[in-house]
Amino acid sequence: MLMLYVPKFKPIERRYRRLLKEPLQVDCELSTPAIVYQWIYFDGLLAFCVVDRYLQTELFNEEQAYFVPLPLEQRGSEHWYWAASVGLYEKAVWSRTMWRKDYRTWDGDDLGYGVIEFNYQMPMPALSIERIRFFCVGNKHEVETLIQRITHVGKKRAYGYGAVKRWSVTVIDKDCSEIVNKTLVRPIPVSECRYRVIGETGLHGYRPPYWCPENFTECWLPGGIIKDVSL
């Protein structure tokens, strides 16, 4: 599947390339527990915000991958990626909740089944935490403006999980978009990695949309330990 380039994004992409970009810390304060199965990608959140702000309902095909420009620094060459971390959790408390599904429908065939009922429960990992922290290298004003469009994070948002109380964006001195405390905090394509890493690799997305097969390659996964002494 090839990503499509939307003509309306061209002037936005040119403007984003000219913007001043600096290391940022982005804090997301939550008012309800979040349902998180793996990682929350900050560049993925921003991609939604750009589409919501500039295109709204024009991207009607949810199964088609589109290139979305972001006000972030690009890194790498062939397998380039955005300078943005996954969400980091401090003092997180994990628990398990259940997603209950009750479904009744009328089967109109001639087999005599009548009303069909589906009643099941699916376990979900719930993350109780006051704040999720992200790092990136981007334009503070644009990131701050865009991210306000995110009202919930994680899964099962319609059920009230992952409700955002407030966002805050702060300029910091050090770039932490890839490494925090010598730990990898985003997937980095092995072919683009500048560090010596001890950790897991896997076939994984490295830029949004993360589900698109075109954006999959062998990556160092978040949690790997950086062995470069200078970092």
Side-chain angles (χ1 to χ4, degrees), residues 3 13 16-17 19-28 34 36-50 67-90 92 127 129 131-144 146-147 150 153-154 167-212 214-231:
M3 288 200 300
E13 182 181 10
Y16 279 176
R17 288 183 180 275
L19 291 177
L20 171 68
K21 301 176 181 67
E22 50 194 340
L24 303 174
Q25 174 183 300
V26 183
D27 288 327
C28 173
V36 180
Y37 288 101
Q38 195 176 34
W39 299 295
I40 299 177
Y41 307 93
F42 187 67
D43 50 358
L45 294 179
L46 278 187
F48 165 82
C49 295
V50 171
F67 168 76
V68 179
L70 301 180
L72 301 177
E73 183 178 287
Q74 289 188 22
R75 292 180 179 165
S77 54
E78 180 181 0
H79 298 108
W80 63 267
Y81 56 94
W82 301 106
S85 75
V86 298
L88 306 180
Y89 317 123
E90 295 180 3
L127 174 65
I129 190 173
R131 180 182 63 199
I132 301 176
R133 176 164 289 174
F134 303 92
F135 293 98
C136 67
V137 177
N139 180 264
K140 181 179 184 297
H141 174 75
E142 194 69 15
V143 169
E144 203 167 32
L146 287 170
I147 205 62
I150 301 292
V153 296
W167 289 96
S168 61
V169 181
T170 308
V171 176
I172 57 178
D173 296 329
K174 183 179 180 181
D175 174 14
C176 298
S177 63
E178 298 182 8
I179 299 171
V180 175
N181 295 328
K182 296 189 177 181
T183 301
L184 205 62
V185 292
R186 65 152 296 117
I188 296 183
V190 172
S191 61
E192 306 286 353
C193 189
R194 301 168 290 149
Y195 321 111
R196 293 189 299 123
V197 184
I198 296 179
E200 295 184 7
T201 63
L203 188 63
H204 199 278
Y206 54 91
R207 66 174 179 246
Y210 280 90
W211 55 263
C212 178
E214 184 181 345
N215 292 342
F216 273 62
T217 191
E218 191 72 15
C219 293
W220 289 107
L221 302 180
I225 304 301
I226 308 300
K227 298 303 294 181
D228 297 68
V229 179
S230 59
L231 297 174

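Just so you know, these numbers come straight off a predicted model, no measurement behind them. FYI, the numbering just counts along the sequence from 1.
Side-chain contact between Pro71 and Leu146 is present, with heavy atoms from C-beta onward closer than 4.5 Å. Looking only at side-chain heavy atoms (C-beta outward), Thr217 and Val190 stay at 4.5 Å or farther from each other. By the 4.5 Å heavy-atom criterion applied to side chains, Trp39 and Pro222 are counted as neighbours.
Remark: side-chain polar atoms of Arg133 are not paired, donor with acceptor, to backbone N or O of Leu88 under 3.5 angstrom. Listed for the Asn215 side chain is a donor-acceptor partner under 3.5 Å among the backbone atoms of Pro209. With hydrogens and angles ignored, the 3.5 Å screen pairs a side-chain donor or acceptor of Trp167 with a backbone N or O of Ile147. Counting only distance, with no hydrogens or angles, the side chain of Arg207 and the backbone of Trp80 share a donor-acceptor pair below 3.5 Å. At distances below 3.5 Å, not a single donor-acceptor pair connects side-chain atoms of Lys174 with backbone N or O atoms of Ile172. Between the Trp220 side chain and the Tyr195 main chain, no donor and acceptor come within less than 3.5 Å of each other.
We find the CG-CD distance between Leu70 and Glu142 to be 10.0 Å, quoted to the nearest 0.5 Å. To the nearest 0.5 Å, atoms CG (Leu221) and NE2 (His204) are separated by 6.0 Å. Rounded to the nearest 0.5 Å, atoms SG (Cys136) and CG (Leu46) are 7.0 Å apart. We find the CG-OG1 distance between Leu24 and Thr170 to be 8.5 Å, quoted to the nearest 0.5 Å. The distance from atom CH2 of Trp82 to atom CZ of Arg186, rounded to the nearest 0.5 Å, is 11.0 Å. Taking OG of Ser177 as the start and CZ of Arg75 as the end, the distance is 4.0 Å to the nearest 0.5 Å.
The salt bridge (Lys or Arg N to Asp or Glu O under 4.0 Å) search around Glu192 returns none, not counting sequence neighbours.
Counting heavy-atom neighbours within 6.0 Å of Glu200 CD, excluding the residue itself, gives a total of 12 or less.
Side-chain atoms of Tyr210 and Asp43 form a donor-acceptor pair, as typed in the model, at a separation below 3.5 Å. Asn181 and Thr183 form no side-chain donor-acceptor contact under 3.5 Å, judged by distance and modelled atom types alone. A donor-acceptor pair shorter than 3.5 Å cannot be found between the side chains of Tyr16 and Gln74.
Considering all non-hydrogen atoms of both residues, Pro187 and Gly205 come closest at CG-O, 3.6 Å.
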